[in-house]
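Presented below is the structure to which this report refers.
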Amino acid sequence: MSTSRKLITLDEFTIQQTREFPKATGELSALLRDISLACKLINKQVNKAGLVDIIGKFGATNVQGEEQMKLDIYSDEMLINVLRNSNDCAGIASEENDDFIAFDDEYSINSKYVVLFDPLDGSSNIDVNASIGTIFSIYRRVSPLGAPCTKEDFLQPGNKLMAAGYVIYGSSTMLVYATRLGVNGFTLEPSIGEFCLSHPNMVCKESGNIYSINQGNSRHYDDGMVAYLDYCMEINKEEGRPYSHRYIGSMVADLHRNLIKGGIFIYPGDKKNPKGKLRLQYECNPFAFIIEAAGGMSTDGTVRTLDIQPVELHQRVPVYVGSKKMVEKAMEYVAKHQ
Ligand code: AHG
Ligand code: MN
Ligand code: MN
Ligand code: MN
């Protein structure tokens with residue numbers, strides 16, 4: 001076996017990236033290492049989901065009024081514990097907790113960054129063995145160092161994000177990480193327990209032929225959305241339609257596929273839920289940041305997702321995200337029928 005290797009681990013990669021910023025202190029790379037460690041531990045548990053008594057309803061109801069699965073709680077606690085014990089994180093906010101948590105030890109109060117996460121996305125897919133994920137994002141805090149972080153640190157718009165990413169627990173486990181320098185994907189090599197660069201410089205195609213939306217809700221959709229769905233299904237050979245409809249019901253898995261293949265993912269507001277379902281700070285902003293860094297686009301139908309000023313931690317927004325030309329077309333339909 002040859003020992004010359006092309007393997008670049010996530011750690012090596014972020015250290016190389018840091019060299020391009022002479023003022024960088026390495027804290028962001030350290031933070032990413034902490035998050036990836038927590039996700040490797042979550043991954044171990046996800047892989048065992050069919051074996052141990054960890055699936056099923058946990059019985060508790062979270063702040064969103066949803067029943068939590070055991071793996072939701074496990075993943076949430078794992079991320080919180082790893083980040084609390086690291087020296088690189090001032091505090092966290094999570095989909096599963098009513099309020100943010102400010103870490104108050106002497107290292108944490110002097111840390112520059114806060115982390116927001118959806119510890120387990122697509123939890124309804126756990127018991128059917130379909131792909132699920134973890135979504136995370138990192139802001140530089142706006143509150144002064146030397147004291148615990150504050151709510152304002154977590155209520156920054158997405159255009160202030162330093163980095164965002166996700167881990168997909170799929171047929172293989174991948175971590176996709178975006179900064180303003182671009183988007184890179186790392187696949188977990190289970191035998192050495194390292195995420196290794198497998199998808200350098202990921203690019204979201206300008207256009208694609210996949211649309212992802214919960215079409216079963218279409219009776220609740222506004223006229224613009226219904227007309228856009230008709231457009232997706234219309235036969236037009238020259239323009240590559242009808243598009244294929246693909247919807248797993250796990251945002252990470254649906255957007256991971258669309259990032260690789262090109263496509264649009266929509267969770268619209270509708271007559272029943274005018275703000276849609278997905279959460280700005282834990283789901284929409286991180287993906288808007290990743291997809292934009294890859295050349296794509298994300299909006300709530302009119303406003304760029306990353307420019308929405310969050311007013312509460314668990315705020316929901318409609319989202320249209322993916323290949324630029326497809327998002328623009330969907331916006332045209334929304335605007336025409338307003
Ligand atoms: P979570 O499991 O973190 O609560 O998120 C579920 C979300 C998201 O992953 C997915 O895109 C969406 O819910 C699916 O919702 P519908 O079942 O309403 O389509
Ligand atoms: Mn949930
Ligand atoms: Mn989610
Ligand atoms: Mn979740």
Side-chain angles (χ1 to χ4, degrees), residues 35 38-39 41-43 45-46 49 54-80 82-83 92-101 115-137 154 158 161 164-170 173-176 212-214 217 247-259 265-269 273 275-291 298 300 305 310 312-322:
I35 295 169
C39 290
L41 293 161
I42 296 169
N43 181 56
Q45 223 46 33
V46 167
I54 200 152
I55 52 167
K57 308 264 187 276
F58 193 59
T61 303
N62 72 7
V63 69
Q64 318 284 347
E66 301 161 330
E67 278 188 321
Q68 298 184 74
M69 316 285 284
K70 279 189 183 178
L71 265 177
D72 284 331
I73 314 271
Y74 177 89
S75 309
D76 191 44
E77 288 179 358
M78 184 57 75
L79 277 156
I80 295 172
V82 169
L83 291 170
I92 65 97
S94 153
E95 182 211 334
E96 299 298 338
N97 297 301
D98 298 10
D99 211 350
F100 70 97
I101 303 173
V115 181
L116 290 82
F117 48 83
D118 176 352
L120 205 79
D121 175 67
S123 47
S124 66
N125 281 310
I126 297 168
D127 32 7
V128 297
N129 212 344
S131 297
I132 49 182
T134 295
I135 310 170
F136 61 90
S137 52
F154 299 93
L161 279 169
Y166 61 87
V167 173
I168 177 166
Y169 310 105
T173 299
M174 256 188 93
L175 184 149
V176 174
S212 308
I213 182 169
N214 188 338
N217 287 336
Y247 192 70
I248 295 171
S250 168
M251 188 185 197
V252 167
D254 281 310
L255 268 163
H256 180 67
R257 180 201 50 241
N258 290 7
L259 170 59
F265 173 93
I266 306 176
Y267 208 110
N273 299 302
K275 298 206 159 128
K277 172 181 183 187
L278 299 177
R279 288 135 284 214
L280 176 62
Q281 290 303 68
Y282 309 114
E283 295 170 317
C284 301
N285 264 336
F287 268 111
F289 183 87
I290 297 162
I291 295 291
S298 178
D300 71 353
T305 306
E312 50 175 342
L313 285 174
H314 295 275
Q315 182 171 341
R316 295 173 197 260
V317 290
V319 68
Y320 301 69
V321 53

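For ligands, and for the atoms within them, numbers begin at 1 and follow the listed sequence. Bear in mind that the values here come from a model prediction, so they are computed numbers and not experimental data.
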Side-chain donor/acceptor of Gln281 to backbone N/O of Phe154, under 3.5 Å:
yes

Is it the case that the side chain of Asp118 and the backbone of Tyr282 share a donor-acceptor pair, with hydrogens and angles ignored and the cut-off at 3.5 Å?
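No.
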
Checking Ser212 against Asn258: is there a side-chain donor and acceptor pair closer than 3.5 Å?
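Per modelled atom types, Asn258 and Ser212 side chains form a pair under 3.5 Å.
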
Determine how many protein N/O/S atoms sit closer than 2.8 Å to the Mn ion (ligand 3), leaving waters out since they are not shown.
3

Under 3.5 Å, sequence neighbours excluded: what are the donor-acceptor pairs made by side chains of residues 129-136?
from: Thr134; atom 1: OG1; to: Pro119; atom 2: O; distance (Å): 2.7
from: Thr134; atom 1: OG1; to: Tyr169; atom 2: OH; distance (Å): 2.7

Using the salt bridge (Lys or Arg N to Asp or Glu O under 4.0 Å) criterion, which residues pair with Arg316? Sequence neighbours excluded.
none

Excluding sequence neighbours, so at least two apart, what forms side chain to side chain donor-acceptor pair (under 3.5 Å) with Thr173?
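With neighbours one apart ignored, the set is Asn43.
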
